[in-house]
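First the structure, in the form of structure tokens, and then the observations on it.
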Amino acid sequence: MATEWTPVDETELATQLRTRGLVRTVADWECWRRDDRYSVWIETLATILNATDAPPIDHHIEEALAELAGPRFFLIQNVLCDLIPHLNVDQDVLLAFISRLLDAGGNDLAAGAPSTAFGEWTKRDPARPSKVYEAARTGDNLALRQLYSVLLMNADAEEGLIFAQAHEREAKLAATSALGAMELGERYGEVLDTLLQGASSDDGDIALRSVEASYRAAAKRKVYAPASFDEQLERILQTRSPTAIHLAADLLWLHRVGLSESAIDLCLDAVADVDPANIVTISHIDHATYQLVGAERVEKVVYLLSELFDRSQGRITLDAFQSTYHALKQAGADVLGSAVVYWLLNGDVYTRKCVANEVCSVGNDDPPFSIPTSSLPTEPSDQLFLCRKAVGWFFIDPLAAIVIPLAVLRDGSPDIASDVLSLIYDPLLLSYGGKLKDYLERYVGDGGANGSGITELLARKAAFKDAMEGIERLVELHPSEMQREAERVQWNEKMERGMEQGKRKSIFEDIFTKQYILYGCSSLTPIHTGEGATHLTEIKMKSFSISSELPLLNIVDPVGLDHMLLHFKLEPREQR
């Protein structure tokens, strides 16, 4: 096996190809780096395999592919794909070889590379594409499997139209997809007419493929697809089949430029019914909604996310939409705040729980969002309802919980100001000092609305704290030693489970050596430099910390606090 580059011995390489086969030879040489020497090696392989007495390219291929697994297979596939366009072998042999590579690649995103390489192979000789077309027309399955790549790589719109109008179903599907991906130029209108015929087909797969191709072709020209395709899209999406919902997600993600506002709305309605088990489709929806936020369609995205969370009864959460949530945060604190207001007002329990899990965090020094005036509801009862929901769901993070009540004090109805101030005091100020107290003091100092009311609350908090002074010395309030020990055991068990789960999910577990450091301020790691030599690398350790505050009411009156927060979370909105 060659671990370093050595000049290619053509005789030795030819012998190895005859005895080991092409796939094993590529694996043995381990030549992955694309440079001048790599090019020479590829050319040498092609020269040997193109000779009259050349060894067959599929020699020992089944056994060789069975020996490969994971990333190593795709390393070798990359080399083979670079080699394929240079080969001058029989078409049937090459088609069979590529089909074996495709089968071995499975559903991996890189598995389709051999088809692209075959398309490049057909471009090297003008006679090759027509031979593939002839084989496809006779029903050759291997040729039909590569028809899309050959049509697309050769930009053959004329042959694509012929196949799209043919009766052979597989050929029609391949040609339809290829037409949608081509640069059509002056044939755009002719292609759309053919695609519209396919879109009205009773065959669901052909109709779906034709609709997708039409929007893809329109997006490439940066124009909307004709309204007649919107009608066919609506017909297809009404089925709410997994393939139809996946189509809607892909149109929003990949071809949104070709969608009219009506088509966008149709797709958004459809993806709201996605099966929570279809994680690939959900990932595509996340990509689409991320882009929609950037395209200033935030309201539609916020509504869709709420529908997804509630319809799935919590099986879909914001964890699956981290790209979209990041886009909302990047759009500005007001944008995220408007989304939070909508979710608390209109969402169900599942939506509110998702939002609370994402918004609330330990160690926040500033509120994670802000509330613009335009996002607040107009009715005083709704404003108070919103404050109660914020306190109930965000209570664990007081800086997140305080934002909405302060916004209502600033821009809401003065008729409910006293009720809002009461919520701020009990349970928030009664439970928290620290960062919440500092934040409210800065709010008053900056001239915030209803500053006198907040000042009075801070004074009441100070008086309450003074009255609590010394209560910790009351023996009757202390837990027994048995209770303390039970709590310590439970805490240790929880930490152990958490560490084990963290290690199982961490990518670093398989990359780095594990070290247990009990005492000290640095760690030493031996680095092996070869020839038996080692040197020690010192890594200095630094301290870091996160502070959190345990709510006082959870100690003084845990039952009453839980009852209050549960009521805030579950109380229904007043119906009008």
Side-chain angles (χ1 to χ4, degrees), residues 99 102-103 107 112 115 119 132-152 156-182 184 187-220 224-255 258-260 262-264 266-267 269-271 273-275 278 280-281 284:
S99 293
L102 292 172
D103 292 339
N107 295 323
S115 292
V132 178
Y133 302 150
E134 291 172 9
R137 288 190 177 95
T138 63
D140 186 318
N141 289 329
L142 297 183
L144 284 169
R145 191 173 185 181
Q146 303 306 321
L147 181 59
Y148 167 82
S149 296
V150 176
L151 288 169
L152 181 59
D156 202 337
E158 183 175 352
E159 284 289 347
L161 285 167
I162 294 172
F163 277 109
Q165 296 164 357
H167 296 294
E168 217 302 317
R169 185 172 184 273
E170 293 304 317
K172 186 187 290 285
L173 289 170
T176 298
S177 294
L179 288 171
M182 287 182 197
L184 297 172
R187 311 201 73 157
Y188 177 69
E190 183 182 358
V191 168
L192 281 193
D193 291 339
T194 300
L195 293 178
L196 185 58
Q197 293 177 10
S200 58
S201 171
D202 293 332
D203 186 318
D205 290 337
I206 291 176
L208 187 145
R209 193 77 62 91
S210 299
V211 166
E212 180 183 28
S214 65
Y215 285 110
R216 183 174 185 177
K220 289 179 72 68
Y224 293 155
S228 52
F229 286 98
D230 291 355
E231 297 173 6
Q232 298 302 328
L233 175 64
E234 182 176 14
R235 178 176 67 88
I236 291 172
L237 296 184
Q238 282 176 348
T239 64
R240 291 298 194 266
S241 66
T243 53
I245 293 174
H246 191 82
L247 167 67
D250 277 356
L251 290 179
L252 289 170
W253 174 26
L254 301 172
H255 314 308
L259 301 179
S260 64
S262 174
I264 289 175
L266 288 172
C267 291
D269 288 342
V271 297
D273 288 322
V274 65
D275 186 336
N278 289 342
V280 174
T281 302
H284 289 200

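H246 pairs with exactly one of T281, N278, L208 by the side-chain contact (heavy atoms from CB on, under 4.5 Å) rule, that one being T281.
Using a 4.5 Å heavy-atom threshold, the side chains of E134 and D140 count as separate. The closest side-chain heavy-atom distance from Y133 to V150 is below 4.5 Å.
In this structure a side-chain-to-backbone donor-acceptor pair under 3.5 Å is present from R235 to A199. Listed for the T239 side chain is a donor-acceptor partner under 3.5 Å among the backbone atoms of I236.
One distance of note links OH of Y215 with CD of Q232; it measures 9.0 Å at 0.5 Å rounding. Distance check, rounded to the nearest 0.5 Å: CG of L161 to OG1 of T194 gives 5.0 Å. Atom CZ of R169 sits about 4.5 Å away from atom CG of D205, to the nearest 0.5 Å. Summarising the geometry, atom CD belonging to E234 is positioned 7.0 Å from atom OG belonging to S262; distances are rounded to the nearest 0.5 Å. Atom-to-atom distance recorded for L144:CG and K172:NZ is 13.0 Å, nearest 0.5 angstrom. For the atom pair CG (L179) and CZ (R209), the distance works out to 12.0 Å, reported to the nearest 0.5 Å.
The closest side-chain donor-acceptor pair between D230 and Y224, if any, does not fall under 3.5 angstrom.
Across F229 and L192, no two heavy atoms sit closer than the pair CZ-O, 3.5 Å. The minimum heavy-atom distance between A135 and T138, with the atom names listed, is O-OG1, 2.6 Å. A225 and A218 get closest at one heavy-atom pair: N-CB, 3.7 Å. Counting all heavy atoms, side chain and backbone alike, A249 lies closest to H284 at CB-CB, 4.1 Å. Nearest heavy-atom pair across A248 and V271 is CB-CG1, 3.8 Å.
Between R187 and E190, at least one side-chain nitrogen of the basic residue sits less than 4.0 Å from a carboxylate oxygen of the acidic one, meeting the salt-bridge criterion.
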One pair to check against side chain to side chain contact (heavy atoms under 4.5 Å, CB included): L196 and S210. What are the steps and the verdict?
CA-CA 7 Å; L196 185 58; S210 299; over 6 Å; no
Does the pair L233 and C267 meet the rule for a side chain to side chain contact (heavy atoms under 4.5 Å, CB included), with working shown?
CA-CA 9 Å; L233 175 64; C267 291; 4.1 Å; yes
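Heavy-atom neighbours of E158 CD from other residues, nucleotides or ligands within 6.0 Å: at or below the threshold of 12.
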